[in-house]
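Step one of this worksheet: look at the structure below.
Every chain is numbered from 1, with letters handed out A, B, ... down the list of sequences.
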Protein chains: 2
Amino acid sequence: MRTQYCGHLNKSLAGQTVELCGWVNRRRDLGGLIFIDMRDREGIVQVVVDPDMKDVFDVANQLRNEFCIRLTGEVRTRPESQINKDMATGEVEVLAKGLEIINRSDVLPLDFNQKNTEEQRLKFRYLDLRRPEMSDRIKLRAKASSFVRRFLDENGFLDIETPVLTKATPEGARDYLVPSRVHKGSFYALPQSPQLFKQLLMMSGFDRYYQIVKCFRDEDLRADRQPEFTQIDIETSFMSAEQVREVTEKMIANMWQELLNVDLGAFPIMKYEEAMRRYGSDKPDLRNPMELVDVADILKDVDFKVFSGPANDPKGRVAVIRVPGGAVLTRKQIDEYTNFVGIYGAKGLAWMKVNDREAGFEGVQSPVAKFLNEDIVAQLLDRTQAQTGDILLFGADKKRIVEEAMGALRLKLGNDMELTDTSAWAPLWVVDFPMFEEDDEGNLHAMHHPFTSPLGVSPEELKANPAGVNSNAYDMVINGYEVGGGSVRIHNADMQSAVFDILGIAADEQRLKFGFLLDALKFGTPPHAGLAFGLDRLVMLLCGTENIRDVIAFPKTTAAACLLTDAPSIANPAALDELAIAVKAAKEDNAEQA
Amino acid sequence: MRTQYCGHLNKSLAGQTVELCGWVNRRRDLGGLIFIDMRDREGIVQVVVDPDMKDVFDVANQLRNEFCIRLTGEVRTRPESQINKDMATGEVEVLAKGLEIINRSDVLPLDFNQKNTEEQRLKFRYLDLRRPEMSDRIKLRAKASSFVRRFLDENGFLDIETPVLTKATPEGARDYLVPSRVHKGSFYALPQSPQLFKQLLMMSGFDRYYQIVKCFRDEDLRADRQPEFTQIDIETSFMSAEQVREVTEKMIANMWQELLNVDLGAFPIMKYEEAMRRYGSDKPDLRNPMELVDVADILKDVDFKVFSGPANDPKGRVAVIRVPGGAVLTRKQIDEYTNFVGIYGAKGLAWMKVNDREAGFEGVQSPVAKFLNEDIVAQLLDRTQAQTGDILLFGADKKRIVEEAMGALRLKLGNDMELTDTSAWAPLWVVDFPMFEEDDEGNLHAMHHPFTSPLGVSPEELKANPAGVNSNAYDMVINGYEVGGGSVRIHNADMQSAVFDILGIAADEQRLKFGFLLDALKFGTPPHAGLAFGLDRLVMLLCGTENIRDVIAFPKTTAAACLLTDAPSIANPAALDELAIAVKAAKEDNAEQA
C-alpha cells in the first residue's frame, strides 16, 4: 500500500509521486493550508494540503491526531527559508494529491508532548510505543539482536534451543513453577538460565553454541530487573577463558562500533580483589575517577575506636574517598550522605575538609581531627593526594560493609558532583573471583554457580581450603553495569562432586537433582567454558537509558504485573481442578499491584 | 586448542601438521597399527598411530570409544586403494604425532551401531546427540533459523520480543499456568502464540514484525506435537493477504533452495471448499494422486439406505476413492481399512473391485453390487475413471465423517500402496476458510481465531449469517503438513465485538478478557495481517523425518516429560507455600509417565 516510508523521503525524490501509509502526528491549519506531520516507523514528513484540491482538503479537514491515513502526493523541495534542520526529512515536503482515512482515532489517553506517568505509559503501551523515542529503542534492540546473531553465526556458533518447561536448577534465585496436568502434583520450573543444557550440548559435541533466550527469576524486582529477561547465552568447547573473552569482547566491541560508531578500545582485565579494594565493587564504573584508599595502617594507633577498631581487625577495613572539590558540601549534604551509607550498614561517615592543603593540620576541618595529630593528618593528605577544596570521607567497619557502603557512596558522589564522565565508555573484565562466599552462619555459597571451575586446584586441594580458592570466572562490566558473566566449567565428575560436597549438598540430593549431570560427566566430557550477556542491559546502555522497561516492548512493573493485559489474573477454577491445585490464600495482596 | 575440524580435512592439507580435538568414534588394531576414527561436530577422519612413535602408541593403546582426545598429526593422502568414498574425508588420513587423553569415558549406555529405544535415547540425550545423524539435524535446524532471520531482516522485519509470562488468550487449547507469588491467587499463562501482542505492535506502528518464539499448549500430545514448540511469528501492516503470502512463500521457497537445493516452484492456491471436496482435508498431501469423487447424484435413488440416505441428506456426502491397482487387496486388508475408517466414525467401507473394466457390470466384484444396476455401475466407473485392476472404496455418511474418514484413508492407502511420491515436494496455499465451525450443540467456534477478519462483509452482514461467511485466512501446506497459517486481522472495534458476540462472549467478559484490545482498536489501528510457521514442522520436513523429537535438542515425551532431567518433578513445599497453592491430588497418575 506504500511506495516509501515517510522517514525516508529526501531531495532525491523531488518531483516524484509517492504513496505513504501512517499516522497524523500533528495537524496545523495555517494561511488557508493544512499541514500534516505524517509519521510511520521510519520517521515524520510534512504534508501540505492545498484548498484547491477540494476533495483532499475536505478529508484533511476531518483529520485529528493519530488517525491512520493513506496519502498519495508529490515530493517537493522546500524553499531555503522553510528548511527544517531538526527534521531528517526537513528539506522536503509532500503536496497531497490523494488522501484516505484508514481508521479514525479517539482522543489519546496519553499526551505525546508531555511527560506521562509510567503507569499510563504501561497501560497504553501500544500508544507509548508510537513515540519515536520509544520506537527507536525497540528498533535498536532488534538491530542489536540481529548483530549478535550474525556475528555468532559467522564465528561458527550454532543456535540451539533449550527447554522452557524444565527442572529446577540452583542458580540461586527463586524459580517460577508450572503445575503439570499430566503428572499431577509435579511441577516444571522455568529456567533461570539454560546453564546445564548448554553444558550438555558441549558433552554432545556441538562445540560452539549460542541462543538468545528468555530466562526467569521470581525475585523482588528492582528498577533494572524484570521477572523475565533475555540472555545472550554462549558456550564453547576446547577454548580457554582467554579465548572466550577474546571472541565475546570482539562481539561487544564490534556491536558498539556498528550500532553507535563508538570504539570501546581494548578492555582492561582487573582481578576481583583489586576491584573491591579500589572501587568497593566487583562491577566498577571506571568513568568515575574516585577510589577507595586504604588508610588502616595510618590509623591503627589513634585513640578513636571507630577507626582503630576496624584498623586492627583482620576482617575490618578503613578506607577514604577523596572527593575533588568536595569541601563545598554543606553539613546538611554530609548528613544526607551519612544516611545514605547507613542503608549499607555503615554506622557513620567521618569527614575531613581540606580547606588549605599547604597548611597541613591547621588547614583541615573535621569533627574527628581532635583524635588525630599533625603527622597522621599529613600522612592521610599524602596518601589520598588531597588538594585544597577536597573533602575526605572515611569508611571504617567490617570489610564487607565498608566496601558496599563506600562503593555505593562513590557512585552517588560521582553523579552528584558530576565527576563521572557520562559521555565516556568504560568497559573492563573482572576476573579471579573467589570460588565461594561465606554467609553470616559460616556456610559457603557458590559465588557464580556450582558448575564453575576452580582455578588451578585438584578436588582434594579444593576441599582442604575452599575459602581460599578462586574460580576461573569472568564478568564483563561496562559503565558500572555487569553486562555479562561466565566461567570455565567443571568437566570432571570428581571435581563436581567435591563442589557439591562443599556446598553441603548430600550425596542422595546430588543424585536426585544432578544425577544426569554427574552421569554425563563420565562419558568423555570436553573442557568447556561460556558466558551469558544480559541483552536488556546491553540495550539499555546502547540506548542511554537507565530504565530497563524502556527497552522492552511489553515490560512488567516492579510488582511483576502487566498493566496492559492485567496479568497475572484469576484462573478459571476448572483449569485449577484439572491441574489438581488449589489456591490457599485470599487475594488480600492484590491491592499492592502497581 | 585445534587448528581444524576433523570433518574439514582434505587433500589440500596434505603434508601439513594439524591439531584436532574430538572423540574416539571407533578404534581398530590392524597389522600392528592402531586406527582411530576421530569425530567432531563437522565429521570423522581416520587417524593412524604407528608403533614407532612409542609414547603416542602407548596413549592410543588406552583409548576406548568416546574418549575425548586431542591430537597432533600430519595429514597425508591415502593410497588410491585405500580411499574411502563413503567418507567425506576418505581421501586423507592423519598420522599421529602427539596424543592426549582429555577425558575418559565409561562404556556407553547407548550403542551407536544399533537401534536404541527412544526412551534410552531421551534419557541419555547428550549421547544420542553425538550421533552424526542427530547432530546433522540440529545443525540443519540452526541453519534454518539463521536463514529465516536473515531473510526477514533483509526484508525490513523487526525482531521484537513479546512476554512469556502473560495473560490467558483464547487460541482454543489449554494454557499452561504459572502461579504468581507477588499476586497470590493469580496466575500468568504461557502464550499459545503472541497473537495479541503482535497485533498491538502493529497498532504501535512497527509495521513489519517477526519473532522466532516458544509457544505452549497443554494438550494431549501426538507424535508430531510438543508441549512447547517454536513458531516463526510474522505480522505486517498495510499489506494484503496476497502480499503476505507472496513474501512468506518466497521465504520458504528460498529456504528450500538454500538448504536442500530444491526448487519448490510456485505454490498453487486452493480454496478450503475444494480441498475438502477433492481430498477430504484442509491440508491435502498433493503427492498422493487419489481424490474423493462425489457420487451422491448417481446413488440417490438406489435401494440401499447406506448410500441413498446420505445421498439425499443436505448434510450428507457420498464419495468414492479409486485406488489404482487396488483390486489386489485381500478381504483381510479391506477389513483392516474398514476398521481404520471406523476410527473416524464411518460405519462401514463399501468396495467394488474392477476386475474387467470393459465388461462393465459383469466385470465388477462388490458386496453392494446387488443394490446397483448396470447403468449405475457404468456411471460410477465413468465418473471415477476406473481401470481394470482398481478398487473403488465408498464413503457415505454425514459430510464431516466422510471427509475425515476418506481423507485419512486416502493418506493411508497412498503409503500402503506406494502411490504417494515420497521423493516429491507438494506445497500449496489453502484459502477462504469458513469463518466459524459449528459444534454438535450448534455453537459456533472460530475456525482460526476470533481476531481473523471475515471476507467482504460488514459487522451487520456477519451477524445476519455467520455460518455462511468465509474468513480472510490462509494456511501453507507442504506434503500434507500444515506448516503455517495466518490471516488478515480485524482492525475495527465494531467488527471485533460482532465476532465476540457471535462466539457467545458476553459484553462484560469481552471487557474483562479483551478490554485492552477493544480499546486499542479505537486509536487509528492500521489494517494488518500475519502468519505463523511451525519451525519444528518445517525442520522435520527439511530433515525428512516424521518424528518431531528428532529435530528438538531436548524434547519431551508424549506424556510431556523430560526423561533426561526428570521434569516435571515434586516441588519444594516451602516454594508452594510462598505461592499460596496446595496440591490436591495424590500422585497416582505419575505411574503413567513414559
Under the 3.5 angstrom rule, does the side chain of [X] hit a backbone N or O of [Y] as a donor-acceptor pair?
X: Arg41(A); Y: Asp207(B); value: no
X: His183(B); Y: Ala559(A); value: yes
X: Trp23(A); Y: Gly205(B); value: no
X: Lys167(A); Y: Cys562(B); value: no

> In terms of the angle between their ring planes, are Phe124(A) and Phe523(B) parallel, tilted or perpendicular, with boundaries placed at 30° and 60°?
Replying inline: perpendicular
>> Students often mix this up, so state it plainly: with edges at 30° and 60°, are the rings of Phe554(A) and Phe197(B) parallel, tilted or perpendicular?
In response: tilted
> How far does NZ of Lys139(B) sit from CG of Asp159(A), to the nearest 0.5 angstrom?
Replying inline: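 Interatomic distance, Lys139(B) NZ to Asp159(A) CG, rounded to 0.5 Å: 15.0 Å.
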Proximity breakdown for [X] and chain A, heavy-atom pairs closer than 4.5 Å:
X: Leu190(B); answer: side chain
X: Arg141(B); answer: side chain
X: Lys143(B); answer: neither
X: Gln226(B); answer: neither
X: Ser145(B); answer: side chain
X: Leu512(B); answer: neither
X: Ser180(B); answer: side chain
X: Val213(B); answer: neither

>> Under 3.5 Å, is there a donor on one side chain and an acceptor on the other for Asp153(B) and Ser146(A)?
In response: yes
> If we ignore angles and hydrogens, is there a donor and acceptor under 3.5 Å between the side chains of Asn103(A) and Thr525(B)?
Replying inline: no
Salt bridge check: are [X] and [Y] linked by an N-O gap of less than 4.0 Å?
X: Asp577(B); Y: Lys584(A); answer: yes
X: Asp566(B); Y: Lys513(A); answer: no
X: Asp106(B); Y: Lys522(A); answer: no
X: Asp220(A); Y: Arg181(B); answer: yes

> Most heavy-atom pairs under 4.5 angstrom with chain A, which of Ile102(B), Leu521(B), Asp218(B)?
Replying inline: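 Going by pairs under 4.5 Å, I would pick Asp218(B).
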>> Looking only at heavy atoms and a cut-off of under 4.5 Å, which of Glu66(B), Glu161(B), Met203(B), Met202(B) has the most pairs with chain A?
In response: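 Heavy-atom pairs under 4.5 Å are most numerous for Glu161(B).
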> Between Ile581(A) and Phe187(B), does a side-chain contact (heavy atoms from CB on, under 4.5 Å) hold up when you go through it step by step?
Replying inline: CA-CA 12 Å; Ile581(A) 62 170; Phe187(B) 293 78; 3.9 Å; yes
> When only pairs under 4.5 Å are counted, which of Ile160(A), Leu127(A), Leu158(A), Asp128(A) shares the most heavy-atom pairs with chain B?
Replying inline: Leu158(A)
> For Glu42(A), is it the side chain, the backbone, both, or neither that has a heavy atom closer than 4.5 Å to a heavy atom of chain B?
Replying inline: neither
